[in-house]
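Shown next, in structure tokens, is the structure this report addresses.
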Number of protein chains: 4
Amino acid sequence: MPETETSIHPRKLEITHAAVTCFLEHGYHQTGVRDIAKQAGISLGNLYNHFKGKDAVLAFIAELEGEELSGFIELLANPDEPRAALEQFIDQYAAYTARPENALLGVEILTEALRNPDIAKVFGANRSRLIDALVSCLNKGTKTGIFVPYDDPRAVACVVLDALEGVGLRGLSTSKPSEHAIRSIRSLIINGLEA
Amino acid sequence: MPETETSIHPRKLEITHAAVTCFLEHGYHQTGVRDIAKQAGISLGNLYNHFKGKDAVLAFIAELEGEELSGFIELLANPDEPRAALEQFIDQYAAYTARPENALLGVEILTEALRNPDIAKVFGANRSRLIDALVSCLNKGTKTGIFVPYDDPRAVACVVLDALEGVGLRGLSTSKPSEHAIRSIRSLIINGLEA
Amino acid sequence: MPETETSIHPRKLEITHAAVTCFLEHGYHQTGVRDIAKQAGISLGNLYNHFKGKDAVLAFIAELEGEELSGFIELLANPDEPRAALEQFIDQYAAYTARPENALLGVEILTEALRNPDIAKVFGANRSRLIDALVSCLNKGTKTGIFVPYDDPRAVACVVLDALEGVGLRGLSTSKPSEHAIRSIRSLIINGLEA
Amino acid sequence: MPETETSIHPRKLEITHAAVTCFLEHGYHQTGVRDIAKQAGISLGNLYNHFKGKDAVLAFIAELEGEELSGFIELLANPDEPRAALEQFIDQYAAYTARPENALLGVEILTEALRNPDIAKVFGANRSRLIDALVSCLNKGTKTGIFVPYDDPRAVACVVLDALEGVGLRGLSTSKPSEHAIRSIRSLIINGLEA
DNA sequence: TATGAATGAGAGTTCATTCAT
DNA sequence: TATGAATGAACTCTCATTCAT
């Protein structure tokens with residue numbers, strides 16, 4: 001619940017943005033705390049007035065990313081037309097992950113979450129919210145008969161997310177926006193889900 | 001046959017296995033060259049008689065991983081029954097990526113490839129071979145009329161790989177083998193592809 | 001005034017003195033950064049808060065040495081009596097180079113300057129100032145008719161410096177102050193220059 | 001007495017030449033034993049069949065340099081005309097030290113001799129032979145009345161050598177052959193010595 | 001004689017973090 | 001809040017040398 005903080009010091013956000021810039025350019029482990037401080041234009045010691053340590057910066061970034069997911073979740077949460085909602089989600093989430101900053105940060109956070117419990121906690125919470133919303137959308141679609149019933153809707157939701165995020169990751173190396181790719185995924189998924 | 005060396009010094013393989021163990025347990029960046037040497041039971045300096053540096057160890061691991069893909073590629077290359085071949089590939093590749101060692105190493109190599117050209121080269125070559133084979137299978141299926149035609153078969157191939165690898169990655173956090181997940185993916189994909 | 005920094009951190013000077021001690025005793029390449037830090041009584045990492053690296057320490061020493069030359073340069077710059085000025089310079093500069101610390105550091109800096117551009121820059125600047133001053137003194141002497149005219153006064157200046165510095169270097173091995181040597185040089189030079 | 005060796009293995013000379021090449025290019029301390037072996041086209045271990053260690057290679061180079069001095073020494077040893085012999089020596093020795101390889105190696109050996117007794121022994125022996133010869137030439141000149149008497153002929157000899165070697169060293173940085181310089185030195189010295 | 005794997009100490013440098021000011 | 005000096009462990013990598021083959 002990052003929103004419960006009474007107010008976020010503007011300096012904290014500056015540091016966060018500086019860190020994002022560094023992490024994107026050089027990666028989390030290749031970025032030093034000094035680099036972040038320099039990029040933020042503050043002293044090294046002052047960074048520790050706003051963050052407990054390097055980990056905390058990444059965790060905070062993950063928190064902020066989590067807030068960006070709210071739009072997607074609302075979209076999926078209680079859709080009148082599950083199929084339309086799903087299609088819209090696919091397009092928008094694909095666009096989201098296609099932005100290199102999101103794809104790169106995503107994989108940094110993912111890999112760090114594998115071994116760092118603090119990061120894992122935030123990352124897992126974000127993921128759960130998104131998957132829950134997606135599952136609820138799929139279930140509604142199944143209930144209204146427009147989607148085939150699956151024995152593990154959560155697995156399907158994961159596949160959808162993995163595929164979409166994979167596009168973003170792939171785009172990093174190939175450096176092409178891959179309009180085709182997104183369309184193909186949407187077709188594949190919708191095709192595969194439709195009753 | 002990426003390994004053109006006439007013979008590989010057994011010590012080189014020992015070091016490689018030690019490195020794999022370390023990378024799996026602590027990650028690439030969290031593993032020191034000393035850790036690898038200690039795990040391999042050799043002196044630090046001797047490691048540099050077999051590898052140019054830490055990067056080279058990871059690159060060599062990626063090379064060896066590439067060789068493990070040959071089985072999958074043969075499976076897909078010129079299938080009599082594309083649908084059966086695809087299903088078989090999905091099951092086997094899902095089983096492959098479901099093994100934590102493969103999933104973990106895969107993501108380490110992937111993220112390192114994003115910024116390290118030496119790793120990117122090997123990683124990209126491996127990926128290309130697999131995608132090419134998958135595309136050829138899809139194309140054959142389309143030609144024989146059992147798959148719907150897609151305007152970007154390569155994108156579809158990527159989706160399939162991303163989804164399967166996503167399962168492996170997901171399994172690392174949830175630590176359950178996820179039989180369901182694989183079945184769901186197979187259904188989704190096959191369902192989505194069938195004419 | 002090569003030192004444009006508004007103020008030099010006292011620790012930086014402490015490190016410099018420690019480095020001088022080490023370089024004199026063991027030579028530049030045989031001295032480790034750890035040795036310098038230990039001699040200075042500070043931690044290893046802190047040294048890098050004051051110097052960019054080992055090279056920078058030597059470069060700074062060379063800078064400080066350059067400042068010590070100012071006295072000699074003033075002596076030579078615009079002498080009323082070139083011959084007296086030259087004799088005085090010879091005696092004083094011989095005494096300067098006869099001090100082992102100056103001779104030893106000088107040769108360390110010289111040899112390092114041969115391959116390290118950063119050192120070469122500082123070293124070259126120092127040398128130029130001294131030679132320029134010497135040349136101006138010789139020229140004045142020639143103009144006033146007390147020195148023979150030379151077609152390359154700069155070459156003569158170099159010879160004088162080389163000879164004087166050679167005494168200092170020689171004294172390191174023979175470990176005798178060599179009063180004789182200096183007197184011989186002065187005679188030789190003055191004798192050779194007089195009209 | 002390097003000549004007493006019954007015979008020098010040709011490989012030993014190859015290694016020596018390789019070492020000279022390396023030392024000239026990167027300096028003694030910056031050259032690794034591996035570099036020498038690679039340059040010589042032999043294995044690392046084999047180098048140690050011919051030399052006790054890295055020091056021994058430099059010491060052997062110094063020995064060979066000593067042999068090259070024989071010509072100069074004969075020239076000076078018992079001259080019929082000391083003045084002509086001295087002039088000839090100045091020109092030839094200047095030409096010798098003007099060759100970068102000799103100047104560079106000379107300063108490498110000199111600085112190493114300051115702290116390494118093994119090198120100092122060889123270097124000192126070479127120097128003594130040359131100075132002795134020069135002194136004997138000067139003394140003969142003084143005796144025959146063509147040179148002024150000096151109270152320390154050995155010091156004068158040192159000045160001459162220092163000046164000539166200084167030219168070579170100076171030429172390394174300025175990279176001009178400095179015909180002028182040599183002429184100036186000869187004039188200065190001869191001028192200064194003549195009765 | 002010749003090889004190159006093996007050693008481990010040591011190289012220079014960066015690290016995340018703390019703390020007095 | 002803000003500073004940057006201070007810490008020392010850790011980093012990757014190179015060193016001269018030895019030794020079994």
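So that the names make sense, note that chain A is the first sequence line, chain B the second, and so on, each numbered from 1.
- Among the heavy atoms of the strands lying under 4.0 Å from C/G32 are primed sugar atoms or P, OP1, OP2 only; no base atom is included.
- Here A/E25 contributes atom CD and A/Q30 contributes atom CD; the two are 12.0 Å apart, rounded to the nearest 0.5 Å.
- Bracketed by its first and final contacts, the part of DNA chain F lying under 4.0 Å from non-hydrogen atoms of chain A reaches from F/dT1 to F/dA6 in 5' to 3' order.
- Listed for the B/K121 side chain is no donor-acceptor partner under 3.5 Å among the backbone atoms of B/A59.
- With rounding to the nearest 0.5 Å, the separation of OG1 in B/T111 from OH in B/Y28 is 10.0 Å.
- Within 4.0 Å (heavy atoms only), A/G53 reaches sugar-phosphate atoms of the nucleic acid but no base atom.
- Ranked by how close their nearest DNA chain E nucleotide is to the 5' end, B/L44 and A/H29 are led by B/L44.
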Apply the test side chain to side chain contact (heavy atoms under 4.5 Å, CB included) to residues D/R115 and C/L104: give CA-CA distance (whole Å), side-chain angles for both, the deciding distance (0.1 Å), then the verdict. CA-CA 11 Å; D/R115 290 185 183 92; C/L104 265 174; 3.6 Å; yes
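- Along DNA chain E, the nucleotide closest to D/G41 and the one closest to A/K54 are compared, and the more 5′ of them pairs with D/G41.
- Between E/dT14 and C/Y48, no contact under 4.0 Å exists linking OP1 or OP2 to a side-chain N or O.
- Across the protein-nucleic acid pair, C/D35 atom CG and E/dT13 atom C1' stand 15 Å apart, rounded to whole Å.
- Here the side chain of B/N126 pairs no donor or acceptor atom with the backbone of B/F123 at under 3.5 angstrom.
- Closest approach of B/I119 to B/I109, counting heavy atoms only: CG2-O, 3.8 Å.
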Go ahead and write out DNA chain E as dot-bracket, 5' to 3': ( ) for pairs within the strand, [ ] for ones crossing earlier pairs, | when the partner sits on another strand, dots for unpaired; Watson-Crick or G-U wobble, both distances under 3.5 Å. .||||||||||||||||||||
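- Between the CG atom of A/N116 and the P atom of E/dA16 there is a distance of 14 Å, given to the nearest Å.
- The CD-C1' distance, from A/Q30 to E/dT14, rounds to 13 Å in whole Å.
- No N or O donor and acceptor, one from the side chain of C/R34 and one from the base of E/dG10, sit under 3.5 Å apart.
- The closest side-chain donor-acceptor pair between B/Q39 and B/H17, if any, does not fall under 3.5 angstrom.
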